[in-house]
Visitor: 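Would you mind keeping the following structure in view while I ask a few things?
Residues take their numbers from the sequence shown, with the count starting at 1. On a predicted model such as this, the values are computed, not experimentally measured, just so you know.
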Amino acid sequence: MGEKFKYGDWELSLSPDSHPRTLMVEISTNCNYNCLHCFRNAVPDFKKCNMSYDTLELILRKGMEAGVSKLVLSGWGEPSSNPKMIEMLRTAKELGFTVALNTNGSALEDMAEELVGLGVDEVFVSIDAYDIKLYRDIRKPGDLSKVMRGLKKLLELKIEKGSVKPQVNAIFTITKLNVGEVSRSIELTRDLGISEIRFSNYIHYPGGVDLSCVDDEGCLEKLKGELDLVPLKILEGGVKVVIPNLAPTTYRSCPFFSNRALFIRCDGIVSPCIYYSRNWRTKVLGVERRINEVILGDIKREGLIDIWRKSYKMFFRLYFLRLPSCLDCNLVNYCLITRSNETDCWGNKPSCSHCPYLHGLSYCPL
């Protein structure tokens, strides 16, 4: 590498065997839902596409060369919208990858047999309400009954074949609309074969419906009351629960870098994470910010290991937290620098200092 960093009296350089371990690959930006809280709506002129099988195969080959061991199919669309998804899953498993699928669950009933037969390792299903009408209002025009049938079929097939795979996890995005369903959701997960439920705070964006619970004092108090019931519900149901922070804390950790992960868009562009993969705007804890896409490379033109290693400066800052903590800075409401991810007051370009995933406010399915 040759490049070294000064850290006090120490000189540090990237280890020559450093490599990515996880890839989040966006095989589709199409979706059959139009969810109220989806930040696709915050992207100007959002482009829809399906990744070709050849591109996914190229990613897998370059991933193997780089030492990648896990593939996560997720992104700014619904993976099952890609007609080649099952074929892609099959190839990834045949090549020995640990494979996770993040889905809205609408196609689970149709693909349950393939998911069990292929030995897909994890399935993350987004379920933001267990009331049929509320679910449909949030995940338009979603059918909760169909999702539940898919989950039950998946569980029955696992029992029939004596398989523990895939492990099924639920992702519940907390908003003002569904905050009253938080504790109830834990009661309903066990019978559906769900092993873990992960709660995540909604990331608001300008122009979107104001659903943010952490920005509303009344909603936040109601949420705290719901979360107080969680320990008892865990004992009753035996389901693992992951709870987000309700405010910024001194502890920070980047989910992508912690998992040595990269995000690959539908067009083959490589970004450091899903959050910084497109141009859009957010509104976190009352402050609007412009997010500029961060491009590390193009998988169609470069080796994955080369893309990883030329991005060492950004990884260094995240590993040693050489960046300010914008969300709990006492100047957060007045600072103009923090109104985008272009830079921060420590001179980092780009800046991750106000990312809600870094602060544990929202959950990233890695």
Side-chain angles (χ1 to χ4, degrees), residues 21-33 50-64 67-75 77-127 139 142-172 188-198 238-240 259 261 264 266 365-366:
R21 300 173 190 167
T22 303
L23 294 179
M24 180 181 283
V25 180
E26 178 184 73
I27 63 170
S28 181
T29 56
N30 293 293
C31 189
N32 57 333
Y33 282 7
N50 281 327
M51 180 178 285
S52 70
Y53 174 80
D54 289 343
T55 299
L56 190 278
E57 194 174 40
L58 175 68
I59 291 170
L60 295 178
R61 178 172 59 79
K62 291 189 175 183
M64 290 179 68
V68 171
S69 58
K70 183 175 182 179
L71 178 75
V72 180
L73 296 189
S74 187
E78 167 55 36
S80 63
S81 296
N82 189 318
K84 294 286 185 179
M85 188 193 74
I86 295 298
E87 189 176 349
M88 292 173 170
L89 290 172
R90 179 178 294 109
T91 301
K93 288 304 300 180
E94 287 176 349
L95 291 174
F97 286 89
T98 297
V99 176
L101 170 67
N102 186 0
T103 176
N104 60 27
S106 59
L108 272 182
E109 192 174 10
D110 299 325
M111 62 185 182
E113 193 164 349
E114 284 89 351
L115 295 178
V116 176
L118 292 174
V120 171
D121 298 272
E122 292 179 283
V123 174
F124 294 84
V125 185
S126 297
I127 307 177
R139 292 191 160 265
D143 183 349
L144 181 60
S145 298
K146 185 177 181 181
V147 176
M148 288 186 169
R149 288 198 304 270
L151 287 168
K152 289 179 179 178
K153 183 176 179 180
L154 199 59
L155 176 60
E156 290 169 359
L157 286 168
K158 286 169 63 178
I159 293 172
E160 178 184 318
K161 298 180 182 296
S163 175
V164 296
K165 295 180 180 180
Q167 176 178 313
V168 181
N169 308 311
I171 301 175
F172 187 110
L188 300 173
T189 52
R190 181 180 58 184
D191 293 339
L192 293 171
I194 294 173
S195 302
E196 180 174 304
I197 182 166
R198 305 184 180 190
V239 177
K240 182 179 177 182
N259 288 280
I264 303 182
C266 190
L366 276 172

Visitor: Which heavy atom in V168 sits nearest to a heavy atom in G193, and how many Å separate them?
Guide: CB-O, 3.7 Å
Visitor: Considering non-hydrogen atoms only, spot the tightest contact between D143 and Y33 and give its length.
Guide: N-OH, 3.8 Å
Visitor: Side chains of S126 and N104: is there a donor and an acceptor less than 3.5 Å apart?
Guide: no
Visitor: For a 4.5 angstrom cut-off between non-hydrogen side-chain atoms, does L108 reach L151?
Guide: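 Yes - at least one pair of side-chain heavy atoms lies under 4.5 Å apart.
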Visitor: Looking at E109 and K153, is any side-chain nitrogen of the basic one under 4.0 Å from a carboxylate oxygen of the acidic one?
Guide: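 Looking at K153 and E109, the cut-off is not met.
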Visitor: Ignoring hydrogens and geometry beyond distance, is a side-chain donor-acceptor pair present between S28 and E78 at under 3.5 Å?
Guide: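 On atom types as modelled, these side chains do not qualify, holding no pair under 3.5 Å.
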Visitor: Between CD1 of I171 and CD of E196, what distance do you get to the nearest 0.5 Å?
Guide: 9.5 Å
Visitor: Can any side-chain N or O of K93 pair as donor or acceptor with the backbone N or O of F97 at less than 3.5 Å?
Guide: yes
Visitor: So, for L155 and D191, which heavy atoms are closest and what is the spacing to 0.1 Å?
Guide: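 Shortest heavy-atom separation between L155 and D191 comes out as CD2-O, 3.8 Å.
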Visitor: Who pairs with K165 by side-chain hydrogen bond (donor to acceptor under 3.5 Å, both in side chains), at least two apart in sequence or on another chain?
Guide: D121
Visitor: Counting N and O atoms only, with roles assigned by atom type, does the side chain of N30 sit under 3.5 Å from a partner on the main chain of S81, one being a donor and the other an acceptor?
Guide: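 No, N30 side chain to S81 backbone: no donor-acceptor pair under 3.5 Å.
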Visitor: CZ/F124 to CG/L366 distance, rounded to the nearest 0.5 angstrom?
Guide: 8.0 Å
Visitor: Identify the two heavy atoms, one from N169 and one from S195, that lie closest to each other, and give their separation to 0.1 Å.
Guide: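 Minimum heavy-atom contact is OD1-CB, 4.4 Å.
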Visitor: Could you state the interatomic distance from CG (L73) to CG (L101), rounded to the nearest 0.5 Å?
Guide: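 Nearest 0.5 Å value for the CG-CG distance: 6.0 Å.
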Visitor: If you count the non-hydrogen atoms of other residues, nucleotides and ligands that lie under 6.0 Å from CD in E87, is the total more than 12?
Guide: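 Correct, the count exceeds 12.
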Visitor: Hey, are the side chains of N259 and K70 touching, using non-hydrogen atoms and a 4.5 Å cut-off?
Guide: no
Visitor: What's the separation between atom CG in L154 and atom CD1 in I159, rounded to the nearest 0.5 Å?
Guide: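 Here the rounded value is 10.5 Å.
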Visitor: Can you tell if the side chain of K158 reaches within under 4.5 Å of the side chain of P166, non-hydrogen atoms only?
Guide: yes
Visitor: Within the 4.5 Å heavy-atom criterion, are V25 and M51 side-chain neighbours or not?
Guide: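 Counting from C-beta outward, V25 and M51 do come under 4.5 Å.
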Visitor: Distance alone, cut at 3.5 Å: any donor-acceptor contact between the side chains of S106 and N32?
Guide: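 S106 vs N32: donor-acceptor pair found between side chains.
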Visitor: Any heavy-atom pair between the side chains of L115 and L157 that's under 4.5 Å?
Guide: no
Visitor: If you look at every heavy atom in P83 and N50, which pair is closest and at what distance?
Guide: CD-ND2, 3.8 Å
Visitor: From L118 CG over to M88 CE, what is the distance, rounded to the nearest 0.5 angstrom?
Guide: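 The CG atom of L118 sits 14.0 Å away from the CE atom of M88.
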Visitor: How close do V68 and R21 get, heavy atom to heavy atom, and via which atoms?
Guide: CG1-O, 3.5 Å
Visitor: Using atom types as modelled and distance alone, determine if a side-chain donor or acceptor of E26 lies under 3.5 Å from a backbone N or O of C266.
Guide: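 It does hold such a pair.
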Visitor: What's the spacing between I127 CD1 and L144 CG if we round to 0.5 Å?
Guide: 7.0 Å
Visitor: Do P79 and I27 have side chains that get closer than 4.5 Å, going by heavy atoms?
Guide: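 When only atoms from C-beta onward are counted, I27 and P79 do touch, with a gap below 4.5 Å.
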Visitor: Using distance alone, with no hydrogens and no angle criterion, decide if S74 and N102 have a side-chain donor and acceptor under 3.5 Å apart.
Guide: yes
